[in-house]
Amino acid sequence: MTESTDIGQSGAPRALVPIIIGHRGASGYAPEHTLASYFLAIQQGADFVEPDLVSTRDGVLVARHENEIGGTTDVAAHVEFADRRTTKIIDGASIEGWFTEDFSLVELKTLRARERIPELRPANARFDGQFEIPTLDEILDLVHGADIVRAHSARARHEPAPRRIGVYPETKHPSYFSGIGLGLEEPLLETLDRHGYAGREAPIFIQSFETENLRALRSMTELPLVQLVAATGAPFDWVNGADPRNYAGMVTRRGLAQVADYADAIGVEKTLVIPRTAAGALGSPTALIDDAHAEGLLVHAWTFRAENHFLPVPLRSAADPAGLGDLAAELTPYLLAGLDGVFIDQPALGVRTRDAALISREPS
């Protein structure tokens, strides 16, 4: 697998060092899914950067949290695109706005990114209007350039080259895009192949909330795959096919065994690992990590964020939802529970907390 692994008592692989995944880059410090955000995550020590991928009208993969871009770009200020505003059904929900699949890449490049949640991250909003929407190619070029610089610096210090920075792309709404003739899987694999990502040891994980596209990818590639699992609901391809199964069943022992047929890891909503109590505090860990490891699956959890709004109640610093609370106190129990990786908006805090947790696990 991509991480260094060890064999636990169950015989299942476990990460020796949990990976820090820069969630949409370092989105706690710069607008998400911008080259600046990814670069900052790398500089802060993230092991992986995570782009969400959607398609343009001409089939180019770009990084946006959603294909609707009214909330993450300045498209509304572009009068030349006013007639592109429309309403679409995306994964069963009616959504109004502007959509990447209605724009060519050239047109999208005239837009500029905006902070998605300025009420919680007002400091990020100072960057509104500065950054383009990046393509997957541009993200991979950025990562490659950072790898070259890090390797050169290591040689100058007479040290071995560090491990390559990983990439953790998510295919967003794969059934929807396939249904409009803009399937994400083949362009993704073609792009990764051009940039030298091949085989099970490549520093990459491909993730999806749906299942059929992961099964299709399994027949197309050996690259590691991750089944994303929400705390509620069901994969849209199951809903669309009137399949009665849901995410809750996916994290049972039987469900995990089925996931292991096509995926290498699960990426789960963090409350599935440690639930919150009725008072909003952290509860006790569930058996999910051990159960998944027993099926040979790594476990990554999302999403850790430092703002009070996202933290357990006792770890908030004040009533201000945008203030920063004690993220380390939330993250540490998850790491000690045996997670193999975490998605985090403030990678520097994740690296610091992980390293401290590893030290605490060392025998005295």
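Heavy atoms only: backbone and side chains are in, while hydrogens, waters and symmetry mates are out.
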Do [X] side-chain atoms and [Y] backbone N/O form a donor-acceptor pair below 3.5 Å?
X	Y	value
Lys88	Ser94	no
Arg126	Ala123	yes
Gln227	Val229	no
Thr353	Thr332	no
Lys172	His65	yes
Arg352	Ala328	no
Thr252	Gly249	yes
Glu269	Thr271	yes
Thr221	Leu217	no
Glu307	Gly323	no

Do [X] and [Y] have side-chain atoms, one donor and one acceptor, less than 3.5 Å apart?
X	Y	answer
Thr211	Asp237	yes
Ser317	Asn308	yes
Thr100	Arg64	no
Thr56	Asp58	yes
Gln258	Glu295	no
Glu32	His23	no

Flag yes if [X] and [Y] sit in one hydrophobic cluster, no otherwise; membership is Ile, Leu, Val, Met, Phe, Trp, Tyr, and two members link when side-chain heavy atoms are under 4.5 Å apart.
X	Y	value
Ile165	Leu223	yes
Val167	Met220	yes
Leu111	Leu105	yes
Val251	Tyr262	yes
Ile95	Ile69	yes

Is it true that, when you exclude Gln130 itself, more than 12 heavy atoms of the residues, nucleotides or ligands shown sit nearer than 6.0 Å to its CD? yes
A quick test of your reading: do over 12 heavy atoms of other residues, nucleotides or ligands sit less than 6.0 Å from CZ of Arg254? no
With under 30° as parallel and over 60° as perpendicular, where do the rings of Phe48 and Phe205 fit, or are they tilted in between? tilted
Distance in Å, [X] [atom1] paired with [Y] [atom2], rounded so as to fall on 0.5 Å steps:
X	Y	atom1	atom2	answer
Ile20	Asp355	CD1	CG	8.0 Å
Leu339	Ile19	CG	CD1	10.5 Å
Leu108	Arg57	CG	CZ	9.0 Å
Thr191	Ile139	OG1	CD1	10.5 Å

Relative to Trp98, does Arg84 satisfy both conditions: NZ or CZ under 6.0 angstrom from the six-membered ring centre, and within 45 degrees of the ring's axis? no
Kindly indicate whether the side chain of [X], heavy atoms from C-beta on, has any atom under 4.5 Å from the side chain of [Y].
X	Y	value
Val351	Gln44	no
Tyr176	Glu101	yes
Leu120	Pro321	yes
Ser175	Asn240	no
Ile344	Leu327	yes
Asp264	Leu225	yes
Ser208	Pro174	yes
Asp340	His300	yes

Using a strict cut-off of less than 4.0 Å between a Lys/Arg side-chain nitrogen and an Asp/Glu carboxylate oxygen, indicate whether [X] and [Y] qualify as a salt bridge.
X	Y	answer
Asp137	Arg194	yes
Glu222	Arg200	no
Arg253	Asp291	yes
Arg276	Glu330	yes
Asp345	Arg24	no

Aromatic ring proximity Trp302/Tyr168, centre distance under 6.0 Å: no
Could you walk me through whether Val299 and His293 satisfy the side chain to side chain contact (heavy atoms under 4.5 Å, CB included) test, starting with their C-alpha distance in whole Å, then the side-chain angles of each, then the deciding distance to 0.1 Å, before giving a yes or no? CA-CA 8 Å; Val299 185; His293 284 165; 4.2 Å; yes
Contacts of Thr86 meeting side chain to side chain donor-acceptor pair (under 3.5 Å) (sequence neighbours excluded), chain-then-number -> none
Carefully, step by step, assess Arg245 and Met250 under the rule side chain to side chain contact (heavy atoms under 4.5 Å, CB included). CA-CA 8 Å; Arg245 293 177 294 173; Met250 191 177 280; over 6 Å; no
Go through the structure and list residues passing ring pair (Phe, Tyr, Trp, His ring centres under 6.0 Å) with Tyr334, not counting sequence neighbours. Phe304
By ring pair (Phe, Tyr, Trp, His ring centres under 6.0 Å) - contacts of Phe81 (at least two apart): His78, Phe103
Evaluate Leu53 against Leu184 for side chain to side chain contact (heavy atoms under 4.5 Å, CB included), listing each step before the verdict. CA-CA 8 Å; Leu53 299 177; Leu184 305 174; 5.6 Å; no
Show your working on side chain to side chain contact (heavy atoms under 4.5 Å, CB included) between Leu324 and Leu311 and close with a plain yes or no. CA-CA 9 Å; Leu324 302 184; Leu311 288 170; over 6 Å; no
